[in-house]
Novice: 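My questions all concern the structure below.
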Number of protein chains: 2
Amino acid sequence: MPTTKTLREGSARKRAAILSAARELFLADGFDRTSVDAVAARAEVSKRTVYDYFGDKQTLLRAVVDAVGQSLITTIRRTLDDTLTDLPEAAGLEDALVTFSMSIATDMLGSAEYATLQRLVRAESGHLPHRGYNSMADTPDEALAERFAALAAAGLLDVPDPRLAADQFIALTFGVALDRLGSANAAEDARVRPLVVEGVRTFLRAYRTR
Amino acid sequence: MPTTKTLREGSARKRAAILSAARELFLADGFDRTSVDAVAARAEVSKRTVYDYFGDKQTLLRAVVDAVGQSLITTIRRTLDDTLTDLPEAAGLEDALVTFSMSIATDMLGSAEYATLQRLVRAESGHLPHRGYNSMADTPDEALAERFAALAAAGLLDVPDPRLAADQFIALTFGVALDRLGSANAAEDARVRPLVVEGVRTFLRAYRTR
DNA sequence: CGACTACACTACACCGTGCAGTGTAGGAAA
DNA sequence: TTTCCTACACTGCACGGTGTAGTGTAGTCG
């Protein structure tokens with residue numbers, strides 16, 4: 001066990017590989033059209049191993065969604081800290097929000113992924129028991145809502161219902177971008193930025209303190 | 001040479017029944033999880049007839065999406081005329097928009113249907129050639145955009161880009177409602193209205209002339 | 001009037017295939 | 001040894017799609 005980070009590191013690696021392969025295939029081809037064999041092949045893992053790790057195709061989907069959700073929320077938190085911590089002057093707020101949104105849409109392979117996966121869970125695999133949501137703000141919207149509340153407390157925004165504002169912000173930026181362009185490539189596309197900018201402006205016209 | 005390689009025209013009633021059954025099942029269970037046998041059973045029609053009318057499951061999906069889209073746009077046009085023609089005073093604008101949105105969400109079995117079906121087409125059945133969209137404003141957003149332009153011309157709204165405003169309006173109302181609650185029952189649910197009301201208010205704070 | 005034809009539709013059997021899930025033997029590591 | 005993993009064969013089944021025999025019905029011709 002010299003330099004080895006044993007302790008099931010191999011296991012964790014395989015687990016991650018499976019998760020990653022499943023995510024890519026589910027997103028590309030849809031849940032039903034993705035065979036477990038294909039997932040196993042892409043993960044360079046035996047099909048049997050997939051079934052040993054996750055017992056079920058459904059469960060695998062759940063795991064993928066949870067993983068992406070966690071990853072997304074971490075990215076959001078970090079980006080939030082990078083772009084919105086030292087509460088900017090009112091003048092810089094628009095730029096800060098645009099930067100934040102574009103970071104999410106670009107850095108992250110695609111926040112679209114999360115939305116698409118949510119659709120998959122809902123549309124394709126019926127109704128599994130809804131997320132655990134223990135207590136913390138462990139959903140992307142709530143992380144954003146927290147920050148809006150802070151901005152409100154700092155007197156930059158006039159936000160009576162931070163959670164609602166967060167949802168509306170997301171809808172105005174990612175929502176319209178997602179609706180207009182296919183859910184696929186979120187970054188890259190040059191048409192995304194203007195849409196996001198306009199979304200932020202609309203949001204600020206509605207929520208900025210006067 | 002079997003002269004009948006063409007698809008049947010047949011009785012419109014059966015055709016409609018199949019379309020309707022397919023719509024309900026596709027929405028409830030998803031495209032892949034819906035068997036053609038199930039569609040036929042629900043339509044009280046032979047499975048063979050389904051294949052005679054539409055030659056293919058894919059084609060059936062396309063037909064369903066087109067039908068719903070047409071129906072939706074008709075409803076929107078009518079509702080638009082009913083609620084937003086005699087340009088209301090600035091004071092009544094909020095109520096008018098709320099009424100409009102709720103009419104769409106209620107009267108129509110669910111504008112959610114359209115969105116969900118679009119997802120289905122994209123996510124499940126790969127990429128068929130995108131809609132024909134000949135020239136007219138035959139997409140819901142554009143119908144709404146037209147009306148916003150009219151409201152702007154009347155001095156009630158300050159809308160430089162009507163099409164964008166329409167997309168943002170839809171995102172603020174239906175978008176958030178769809179995200180929060182499952183895509184399923186759009187009407188009925190008492191939680192929809194407050195969401196729509198708040199969406200309209202946000203929209204007006206951003207776009208109303210000052 | 002009946003006989004015949006054309007057609008829309010059903011009921012049903014059937015084929016091929018893709019796929020979820022399992023059982024197991026065996027190899028490599030620890 | 002035990003533990004983990006792979007390779008692979010195999011089952012069971014659901015589903016898309018087709019072919020066909022047969023039924024009801026409307027119209028046409030004699």
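Order of the sequence lines sets the chain letters (A, B, ...), proteins ahead of strands, with each chain counted from 1. When reading the values below, keep in mind they use all heavy atoms of this one structure, side chains included, and skip hydrogens, waters and symmetry mates.
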Novice: Could you tell me whether A:R163 and A:D167 have a side-chain N and a carboxylate O separated by less than 4.0 Å?
Specialist: yes

Novice: What residue among B:L195, B:V196, B:V197 forms side chain to side chain contact (heavy atoms under 4.5 Å, CB included) with B:R193?
Specialist: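 Single pass found, and it is B:V197.
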
Novice: Write down the atom of A:P162, the atom of A:A149, and the distance for their closest heavy-atom approach.
Specialist: CG-CB, 4.0 Å

Novice: Here's a test for you: under salt bridge (charged side-chain N to carboxylate O under 4.0 Å, His left out), which of A:K57, A:K47, A:R48, A:R42 qualifies with A:D37?
Specialist: A:K47

Novice: Whole Å only: how far is the CZ atom of B:R33 from the C1' atom of D:dC15?
Specialist: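 Taking CZ of B:R33 and C1' of D:dC15, I get 13 Å after rounding.
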
Novice: Five pairs at each end of the helix from C:dC1-D:dG30 to C:dA30-D:dT1: take the axis at both ends and give me the angle between them to 10°.
Specialist: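 Nearest ten degrees gives 10° for this helix.
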
Novice: Separation of B:F54 atom CZ from D:dT18 atom P, in whole Å?
Specialist: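 In whole Å, D:dT18 P and B:F54 CZ are 16 Å from each other.
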
Novice: Has the side chain of A:T75 got a donor or acceptor atom that lies under 3.5 Å from a matching backbone atom of A:S71?
Specialist: yes

Novice: Using distance alone, with no hydrogens and no angle criterion, decide if A:S20 and A:E24 have a side-chain donor and acceptor under 3.5 Å apart.
Specialist: yes

Novice: So if I take every side-chain heavy atom of A:Y51 and compare against D:dG17, C:dT22, C:dC9, which nucleotide ends up nearest?
Specialist: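 Between D:dG17, C:dT22, C:dC9, the one nearest the side chain of A:Y51 would be C:dT22.
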
Novice: Rounded off to whole Å, could you give me the CZ-to-C1' distance for the A:R13 and D:dC5 pair?
Specialist: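 Whole-Å distance recorded here is 15 Å.
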
Novice: From the set C:dT10, C:dG21, D:dG16, return the single nucleotide nearest to any side-chain atom of A:D56.
Specialist: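 Of all the options, the side chain of A:D56 is nearest to C:dG21.
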
Novice: Determine: side-chain N/O of B:Y53 to OP1/OP2 of C:dA8, distance under 4.0 Å, yes or no.
Specialist: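 So the side-chain polar atoms of B:Y53 never come under 4.0 Å of the phosphate oxygens OP1 or OP2 of C:dA8.
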
Novice: Rounded to the Å, how far apart are A:L25 CG and C:dC19 C1'?
Specialist: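 The distance from CG of A:L25 to C1' of C:dC19 comes to 15 Å, rounded to the nearest Å.
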
Novice: Is there side-chain contact between A:D32 and B:F31, with at least one heavy-atom pair below 4.5 Å?
Specialist: no

Novice: Counting only heavy atoms and a strict 4.0 angstrom limit, can you tell me which residues of residues 41-50 of chain A come near DNA chain C?
Specialist: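 Residues of residues 41-50 of chain A under 4.0 Å from DNA chain C: A:K47, A:R48.
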
Novice: Could you tell me whether B:F148 and B:F169 have their ring centroids closer than 6.0 angstrom?
Specialist: yes

Novice: Compute whether any side-chain donor of one residue and acceptor of the other, for A:T74 and A:Q70, lie under 3.5 angstrom apart.
Specialist: no

Novice: Tell me the interatomic distance from A:F31, atom CZ, to C:dA20, atom P, rounded to whole angstroms.
Specialist: 8 Å

Novice: Tell me the interatomic distance from B:K57, atom NZ, to D:dA14, atom P, rounded to whole angstroms.
Specialist: 15 Å

Novice: Atom CG of A:D52 and atom C1' of C:dA20: how far apart are they, to the nearest Å?
Specialist: 15 Å

Novice: Specify the separation, in whole Å, of atom CG of A:D37 and atom C1' of D:dA9.
Specialist: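 Result: 13 Å.
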
